[in-house]
S.K.: 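Sharing a structure, written as structure tokens. Questions coming.
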Amino acid sequence: MPQTLFQKVWDRHVIRAAEGATLLFIDRHLIHEVTSPQAFDGLRLAGRKVRRPELTYATVDHNVPTENQLDIRDPLSRRQVEVLRANCREFGVSLLDIQSGRQGIVHVIGPELGLTLPGLTIVCGDSHTSTHGAFGALAFGIGTSEVEHVLATQTLWQGARPKSLGIEVTGTLGSGLEPKDIILAIIRKIGTGGATGQVIEYYGPAIEALSMEGRMTICNMSIEAGARAGMIAPDDVTFDYIARGSRPYAPKGATLDAAIRDWKTLRTDDSSAFDRRITIDAGSLVPQVTWGTTPAMTVDITGVVPNPEDVPFASPDDARRALEYMGLTPGTPVEQIPVDLVFIGSCTNGRIEDLRTAASIFRGRKTAPGVRAMIVPGSEQVRMQAEAEGLDRIFTQAGAEWRQSGCSMCLGMNPDKLTPKQRSASTSNRNFEGRQGPGGRTHLVSPAMAAAAAVTGHFTDVRHLV
Amino acid sequence: MEPFVTHRGRLALLDWTDVNTDLIIPARYLKRIERTGFGPLLFADKRYAPGGAPEIDDPERHGPENPEFPLNDPALKDATILVVGRNFGCGSSREHAVWAVQQAGFRAVIAPVPGEGFADIFESNAFNNGLLVIELPQADWEMIAKASHTAPGRAEATIDLRQQKITIEPVDGIPAASLAFQVPESQRHRLLHGLDAIAETMAHEPEIDRYERSAPEWSLPSGVA
């Protein structure tokens, strides 16, 4: 029987399956400071150890200030970072700390370090773990009780094998369009719960044409459609990414050759193996902008703010609450919505290619009067690469801020926050109420669209600027 | 984990779809490193009047409640069964959302419809903490939502996990009703007996050892094999 990529990776990791419950082996466990303290406490209380510390890697990202990483002024943030350091020491877990040169957002550094590989199971106490699926890994977010379970046993209980959802992306992305537009268009089409209980595989010519960075952007937001995970079959683009650069934990030499032979079998045999399939045409997309408080509340840049009666996947009451929170009136052209702040970064769009794209829009232009633009590299490696390419100078000459790496304004756990009613164009992944700070109003866009909003002061069709 | 066998309690309704975990508990409260104290933080940015959200390190210190927020109806003070809209708990994986719901006094959450009521990670987190999450067919969910809406603070139900049955008590002309539900068998077993998943897994250690010995060399991080 033909199998999907997901089914192959799942089946390889089954230790035990009975009565609808499956015990899966976990190849990589990534940890950050926010969702792990209670898990380590649980181990201590029960007198348990970390079973495989050499498969467990930690970093600090959510609480880290991006103006000066060393200056954590909030005592609660500092405590959380220090607790992780102490836990890593006590349990023998490697920590990619500030000043190691390898710190960064957990989903940016996993691939950089060569920890993320095709065919692995990867978990982290963080929903955007789906990012790593871009390599053909089965990667998903877990809760703190599960973090404790993986620390203690290197395994995880799951239900029966989830269903497979095949999303074929045909055509070619037009100029000014980005992977972010593809994933926003997908969520808009299937809804925030459209893939609940399912694992998505993205495939088709528009996916194959993407770099690893672009594939990561797409898999990253699978969770925003409710998916358990998102995956893309590994190919030469994947193998090249793993083989090049400084990836200390990636296989090398003969081991890498053997790995690639194995990885080449990680493909969906036949699209009939998917439980469900949908298709979208990348060639017909225009830049996407979210208007509301879920990532499915999305319109074309050429569109208008919708009437509450016309919002898919939301009741008119839900839509009215979203409009009120966002301070928007139905019928307003999206291009007329002004922005106060532009945030370019996060595990969705904080990689080198995202910064290159943003820089291409900023080059020779200035941020509009009254607009603050923050450019936050996803990792210290990305920061150093961008500086080596001179991208930092393009940003600062345009009047944007060039910062250090961390989760930054994707969520309100560090000093980078929106103030109430402040409106952002953000390359992050969630436009939920209060996500970027209580009362803040978030519009999700691609890095190119964010840069375009920064230089014009309102949402702008970036196709006119490229 | 506290076992869940049967529970009779009052119903509270929050009829919003896509209630995400940032709404259930805003990210700043995730700076807490304890597993307790999350009750007052449930819906912190909705539940209190502007400026009144609790202190991160002292959740009992907060301002007055926002009377507009549906769960602040004084009649719902003792509610223990939360009735919610579709895709509850979407977004972030934070288990703190489950701790907040539980520590605010809820033993069970009921959403429509099978397969779409709860986000996947929230559902796993709930089962791992003994919070029973139930997905009902739309018509059944509407029945329980209607009872909650019509008789706030007086509508009650009994949940029997052994029988997988909810009994809505008659109230204000709404007749009694019995609704069937299903949770995965392995989760039901753990919940009924309050089992510790880690201890259960450790009983399978020889199988884990065997699996580990068969792992290909490339699957280990380079330099640590």
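These figures come from a predicted structure and were not determined experimentally. Chain A is the first sequence line, chain B the second, and so forth, proteins listed ahead of strands; every chain is numbered from 1.
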S.K.: So do the side chains of A:I142 and B:S124 get within less than 4.5 Å of each other, counting heavy atoms only?
M.R.: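 No. Closest side-chain heavy atoms not under 4.5 Å.
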S.K.: Measuring from A:D126:CG to B:I121:CD1, what's the distance to the nearest 0.5 Å?
M.R.: 8.5 Å
S.K.: Would you call A:R51 and B:D209 a salt bridge, using N to O less than 4.0 angstrom?
M.R.: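 Yes, this pair counts.
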S.K.: Check A:R430 against B:G91 and note the closest heavy-atom contact, atom names and distance.
M.R.: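 Nearest pair, atom of A:R430 first, then B:G91: NH2-C, 3.1 Å.
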S.K.: Is the B:W218 ring parallel, tilted or perpendicular to the A:W263 ring (thresholds 30°, 60°)?
M.R.: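 Answer is perpendicular, since the angle exceeds 60°.
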S.K.: Just by distance, no angles: are the side chains of B:T201 and A:W157 close enough, under 3.5 Å, to form a donor-acceptor pair?
M.R.: yes
S.K.: Checking heavy atoms, do the side chain of A:R52, its backbone, both or neither come under 4.5 Å from chain B?
M.R.: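 Only the side chain of A:R52 comes within 4.5 Å of chain B.
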S.K.: Roughly how far, to the nearest 0.5 Å, is the CG atom of B:N20 from the CD atom of A:E433?
M.R.: 8.0 Å
S.K.: Would you give the length of the straight line joining atom CD of B:E207 to atom CG of A:L23, rounded to the nearest 0.5 angstrom?
M.R.: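 The CD atom of B:E207 sits 7.5 Å away from the CG atom of A:L23.
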S.K.: Heavy atoms, side chains only, cut-off 4.5 Å: are A:T192 and B:C90 in contact?
M.R.: no
S.K.: Counting a contact as any heavy-atom pair under 4.5 Å apart, which residues of residues 93-108 of chain B contact chain A?
M.R.: B:S93, B:R94, B:E95, B:H96, B:W99
S.K.: With a 4.5 angstrom heavy-atom cut-off, could you sort out which part of A:D262 is near chain B: side chain, backbone, both or neither?
M.R.: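 Contact with chain B: side chain only.
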S.K.: May I ask you to check whether B:R35 and A:S145 show a side-chain donor-acceptor distance below 3.5 Å?
M.R.: yes
S.K.: Let me check something: any side-chain donor-acceptor pairs from residues 189-197 of chain B under 3.5 Å, sequence neighbours excluded? List them with distances.
M.R.:
{"from": "B:R190", "atom 1": "NE", "to": "B:E200", "atom 2": "OE1", "distance (Å)": "3.1"}
{"from": "B:D196", "atom 1": "OD1", "to": "B:I198", "atom 2": "N", "distance (Å)": "3.1"}
{"from": "B:D196", "atom 1": "OD2", "to": "A:R48", "atom 2": "NH2", "distance (Å)": "3.2"}

S.K.: Is A:E33 paired with B:K31 through a side-chain N to carboxylate O contact shorter than 4.0 Å?
M.R.: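 A:E33 and B:K31: not salt-bridged.
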S.K.: State, with a plain yes or no, whether a side-chain heavy atom of B:I33 is found less than 4.5 Å away from one of A:Q80.
M.R.: yes
S.K.: Using modelled atom types only, decide if a donor and an acceptor are shared between the side chain of B:D120 and the backbone of A:G197 within a distance under 3.5 Å.
M.R.: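 Yes, the answer is positive, given that a donor and an acceptor are paired below the 3.5 Å cut-off.
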S.K.: Is there a donor-acceptor contact under 3.5 Å from the side chain of B:E185 to the main chain of A:E19?
M.R.: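 No: the side chain of B:E185 does not pair with the backbone of A:E19.
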S.K.: Counting C-beta onward and ignoring hydrogens, is there a side-chain heavy-atom pair between A:R79 and B:D57 closer than 4.5 Å?
M.R.: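 SC-SC contact between A:R79 and B:D57 ruled out.
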S.K.: Does B:H204 reach the side chain of A:I15, with side-chain heavy atoms less than 4.5 Å apart?
M.R.: no
S.K.: Side-chain contact, heavy-atom cut-off 4.5 Å: A:Y57 with B:P221?
M.R.: yes
S.K.: From A:T294 OG1 over to B:N87 CG, what is the distance, rounded to the nearest 0.5 angstrom?
M.R.: 9.0 Å
